[in-house]
Amino acid sequence: MDWKKLADALIPDEDLQPLEYYETLYAPRNLPKGAEVTRLAPSPTGFMHLGNLYVALANERLAHCSGGVLYLRIEDTDSKRKVEGAVDVILSSLRYFGIAFDEGAEIGGDYGPYYQQQRAKIYRAYAKDLIARGRAYACFCTEEELSAVREKQTENKLLPGYYGEFAKCRNLSEEEIYANLAAGKPYVIRFRSEGDVNKKSVFHDEIKGDITVTENNQDVVILKSDGIPTYHFAHAVDDHLMRTTIVIRGEEWLASLPIHIELFGALGFRLPRYGHNCSIQKIDGEDGGRRKLSKRKDPEASLVFYREEGYHPLAVKTYLMTLLNSNFEEWRLKFPAKPLEEFKFSIGKMGKSGALFDLDKLQDISKEILSSLSAEEMFDFLSAWADEYGSAEEKEYFSDREYLLRVLTLCMGVGAKKRRKDFVTAKQALRTISYFFRAPETPAFRADGETVKAVLEKFMDSYDPADDNAAWFDKMKKTADALGFASDMKAYKSAPENYRGNVSDVAEIVRVAMTGHANTPDLCTIMQILGEEECRRRAAAAAQNL
RNA sequence: GGCCCCGUGGUCAAGAGGUUAAGACACCACCCUUUCACGGUGGUAUCAUGGGUUCGAUUCCCGUCGGGGUCACCA
């Protein structure tokens with residue numbers, strides 16, 4: 001068989017470059033020893049998964065901790081799944097979560113283009129070479145034929161797929177091929193595998209360690225009938241030409257590693273190193289079964305979720321880092337003020353088993369991150385969130401910068417001995433401080449109406465906005481004493497039956513009347529911020545609505 | 001089902017042939033406290049299972065079980 005001629009017939013493009021052209025155009029990178037070249041290779045489906053960020057972070061840290069390069073390649077080879085604006089979703093997610101890449105889609109670089117659609121000629125050149133060398137062939141099987149074969153294989157408990165005796169088009173005669181072409185039958189290009197599934201070998205995965213790989217025997221499709229490559233083929237060509245040194249990807253790719261190994265070999269490429277990262281899981285149902293975070297079932301699988309809820313990007317990143325490198329958390333606790341870029345990320349510290357998504361942990365980290373912000377930084381963070389997701393009312397909070405800054409300073413405990421950690425997300429923070437902007441709707445008191453009324457009346461009678469904290473609290477105590485509550489906590493504790501309650505119960509009534517909440521920062525300061533007039537109005541309203 | 005990966009508290013996990021088996025989150029208790037938080041102290045709780053190797057195994061080996069992934073002209 002004249003394979004050269006066949007290659008010309010199957011891939012008739014006349015404007016293909018010889019392979020040496022690409023090899024010299026995309027010369028090996030000139031980087032210091034140990035520098036890693038890693039990549040982000042999302043497909044533009046319009047959906048960014050937490051797992052995307054997880055893997056992105058690992059690749060980013062690996063590149064930048066080694067003085068290497070991180071690039072972004074858009075894997076847009078599936079025309080059916082392509083979604084308008086999806087690249088923007090990718091770019092904006094990476095920007096929001098602070099994953100900075102050095103070259104790639106939208107910013108360019110020496111190894112582009114970085115959109116696979118634009119690399120079609122390159123793939124076709126390499127595929128043509130494979131055909132000319134007898135390592136790839138045209139397959140004219142229809143989808144129906146393929147699924148019929150697969151069904152039969154499953155029925156007979158055979159390994160499903162296109163291989164060996166089931167690879168009908170593998171040994172088509174020259175006449176048959178040209179007849180099919182003349183008849184205009186659509187075809188795909190398949191790789192001619194020389195592997196044997198009975199042969200196994202040990203492969204070193206950077207994360208999993210030594211693993212057993214079974215040789216590939218599948219004649220996988222490398223060019224689809226539209227002439228666009230499949231993932232496997234594009235991966236081999238691109239990661240070779242872009243000179244990727246290490247590929248960190250989800251462990252769902254482990255199963256196709258044998259294909260990639262054979263493909264790289266047939267193309268004469270040196271295999272990059274691989275690290276297969278386990279995916280983030282979630283408990284499913286009552287039986288305690290685990291599964292991957294699912295795009296369809298779990299809102300928290302989507303990166304949009306964290307943005308809408310107003311999680312600080314650094315909180316999400318920090319949480320992911322704790323999952324990625326087991327010694328990260330220890331480092332963070334030791335150096336709370338250091339940026340996470342200073343942590344020495346190590347691929348060897350990546351876990352082998354899939355972690356369960358832990359919202360509690362994320363929230364704890366979020367509190368800590370937010371409590372480390374200055375009032376101004378918090379203002380900016382909240383403002384940016386409100387711009388995009390806040391209600392009209394919440395957007396109004398930002399019109400008086402001075403006022404909001406006072407509120408934030410108090411609520412965050414800026415300047416106090418200890419910072420407060422009440423804020424978890426932007427959304428929750430804005431809800432929490434809403435009482436600074438409007439009276440609570442229906443304050444819920446634990447005490448009975450009579451008591452509430454008496455306390456509010458008595459306290460507001462003596463209230464003077466000019467009082468300092470001590471004077472203010474002194475009046476709170478007087479109110480307590482006058483109404484049969486203990487003002488002295490020790491006295492109360494030794495004989496609680498002698499009192500209706502203690503000064504904290506009295507304070508709670510005023511607190512709830514002012515804010516609607518039983519838990520707030522220092523009440524005295526809140527009342528100063530609200531202003532005398534507003535405080536009297538709220539006290540009166542609360543007493544009236546009982 | 002075939003193939004592959006994984007298995008230390010509820011969760012993330014450190015760990016080593018001999019340890020009182022770290023730490024963090026969550027939970028509980030107490031302390032601090034004008035409430036709430038913060039903070040502090042303490043506590044409950046873990047080596048999936050059977051068999052080997054060994055003086056000794058949670059650690060090494062094999063089986064079992066359990067969980068996960070994958071078997072496309074999707075990535």
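Residue numbers start from 1 in every chain, and the chains themselves are labelled A, B, ... in the order their sequence lines are given, proteins ahead of strands. Values below: every heavy atom of this structure, side chains too, minus hydrogens, waters and symmetry copies.
- The phosphate of rU33(B) has neither OP1 nor OP2 within less than 4.0 Å of any side-chain N or O from Lys418(A).
- Residue Thr77(A) is in sugar-phosphate contact alone, with no base atom involved, counting any heavy-atom pair closer than 4.0 Å across all strands shown.
- Using a 4.0 Å heavy-atom distance criterion, Thr212(A) is classed as a sugar-phosphate-only contact.
- Residue-level contact check: Leu159(A) touches neither bases nor backbone, having no heavy atom under 4.0 Å from any strand.
- Using a 4.0 Å heavy-atom criterion, one finds that Asn216(A) contacts no nucleic acid atom at all.
- Rounded to the nearest 0.5 angstrom, Ile365(A) CD1 and Thr322(A) OG1 are separated by 4.5 Å.
- Nucleotide rU41(B) is matched to rA29(B) when pairs are restricted to Watson-Crick or G-U wobble geometry with both distances under 3.5 angstrom.
- A donor-acceptor contact closer than 3.5 angstrom links the side chains of Tyr71(A) and Arg73(A).
- Nucleotide rA21(B) has no partner under the Watson-Crick or G-U criteria, as no pair reaches both atom distances under 3.5 Å.
- Atoms CG (Asn217(A)) and P (rC3(B)) sit 13 Å apart, rounded to a whole Å.
- Nucleotides rC32(B) and rC38(B) have their C1' atoms positioned 11 Å apart, rounded to a whole Å.
- If you check every strand for non-hydrogen atoms under 4.0 Å, Cys141(A) touches a base.
- Taking atom CZ on Phe357(A) and atom P on rG68(B), their separation rounds to 19 Å, with Å as the unit.
- In this structure, OH of Tyr163(A) is placed 16 Å from P of rC71(B), rounded to the nearest angstrom.
- A gap of 28 Å separates the C1' atoms of rG68(B) and rC27(B), to the nearest Å.
- For rC73(B), one of the phosphate oxygens OP1 or OP2 lies less than 4.0 angstrom from a side-chain nitrogen or oxygen of Arg190(A).
- Across the C1' atoms, rA57(B) and rG18(B) are found 9 Å apart, a figure rounded to whole Å.
- Phe328(A) and Phe343(A) have perpendicular rings, their planes meeting at more than 60° on a 0 to 90° scale where under 30° would count as parallel.
- Comparing the P positions of rC28(B) and rG69(B) gives an interatomic distance of 33 Å, to the nearest angstrom.
- Dashed line: the shortest gap from a side-chain N or O of Lys80(A) to OP1 or OP2 of rC73(B) is not under 4.0 Å.
- Between rC12(B) and Thr322(A), no contact under 4.0 Å exists linking OP1 or OP2 to a side-chain N or O.
- Within 4.0 Å (heavy atoms only), Ser225(A) reaches at least one base atom of the nucleic acid.
- Between rG9(B) and rU46(B), the two C1' atoms lie 4 Å apart (nearest whole Å).
- Note on Glu75(A): only backbone sugar-phosphate atoms sit closer than 4.0 angstrom, heavy atoms only; bases stay farther off.
- We find that CD of Glu329(A) is positioned 17 Å from P of rA22(B), with the value rounded to whole Å.
- For the C1' atoms, the distance from rG51(B) to rU11(B) is 32 Å, rounded to whole Å.
- Mapping Pro42(A) and Met476(A) onto RNA chain B by nearest heavy atom places Met476(A) at the nucleotide closer to the 5' end.
- For the side-chain hydrogen bond (donor to acceptor under 3.5 Å, both in side chains) with His276(A), the qualifying choice from Arg249(A), Glu252(A), Glu206(A) is Arg249(A), the only one to do so.
- In terms of position on RNA chain B, the residue among Ala507(A) and Asn327(A) whose nearest nucleotide sits closer to the 5' end is Asn327(A).
- Put simply, Ser353(A) has no side-chain N or O that comes within less than 4.0 Å of OP1 or OP2 on rG67(B).
- No engagement by Leu158(A) is indicated, since no non-hydrogen atom pair under 4.0 Å with the nucleic acid exists.
- Nucleic acid contact for Lys200(A): sugar-phosphate only, since backbone atoms but no base atoms lie under 4.0 Å from a heavy atom of the residue.
- If you check rA75(B), rC5(B), rC3(B) against the side chain of Asp78(A), the one that comes closest is rA75(B).
- Atom CD of Glu368(A) is separated from atom P of rA37(B) by 17 Å (rounded to the nearest Å).
- Rounding to whole angstrom units, CG of residue Asp360(A) and P of rG10(B) are separated by 15 Å.
- One can place CG of Asp76(A) at 10 Å from P of rA75(B), the figure rounded to the nearest angstrom.
- Pairing for rU53(B) is absent, judged as Watson-Crick or G-U wobble with the two contacts each under 3.5 Å.
- Taking the P atom of each, rU8(B) and rC60(B) are spaced 13 Å apart, rounded to whole Å.
- For the atom pair OG1 of Thr451(A) and CG of Leu483(A), the computed distance is 8.5 Å after rounding to the nearest 0.5 Å.
- Rounded to whole Å, the distance from CG on Asp210(A) to P on rC4(B) is 15 Å.
- Taking the P atoms as reference points, rA22(B) lies 12 Å from rU44(B), given to the whole Å.
- Residue contacts shown for Lys157(A) are absent, as no nucleic acid heavy atom lies under 4.0 Å away.
- With respect to Lys361(A) and Glu329(A), a salt bridge is recorded, a charged nitrogen being found less than 4.0 Å from a carboxylate O.
- Using a 4.0 Å heavy-atom cutoff across all strands shown, Val221(A) reaches sugar-phosphate atoms only and no base atom.
- For NZ of Lys224(A), the number of neighbouring non-hydrogen atoms (other residues, nucleotides, ligands) closer than 6.0 Å is greater than 12.
- Here Ala355(A) lies in heavy-atom contact (under 4.0 Å) with sugar-phosphate atoms only.
- In this structure, rU70(B) forms a base pair with rG2(B), meeting either the Watson-Crick or the G-U wobble geometry with both donor-acceptor distances under 3.5 Å.
- If you take CG on Leu223(A) and CZ on Arg124(A), they are separated by 6.5 Å, rounding to the nearest 0.5 Å.
- Contacts of Leu523(A) with the nucleic acid, taken as non-hydrogen atoms under 4.0 Å apart, are absent.
- Side chain of Asn52(A) to backbone of Met48(A): no donor-acceptor contact under 3.5 angstrom is found.
- Using a 4.0 Å heavy-atom criterion, one finds that Lys82(A) contacts no nucleic acid atom at all.
- Neither OP1 nor OP2 of rG23(B) sits under 4.0 Å from any side-chain N or O of Lys361(A).
- Distances shorter than 4.0 Å separate none of the side-chain N or O atoms of Arg511(A) from OP1 or OP2 on rC36(B).
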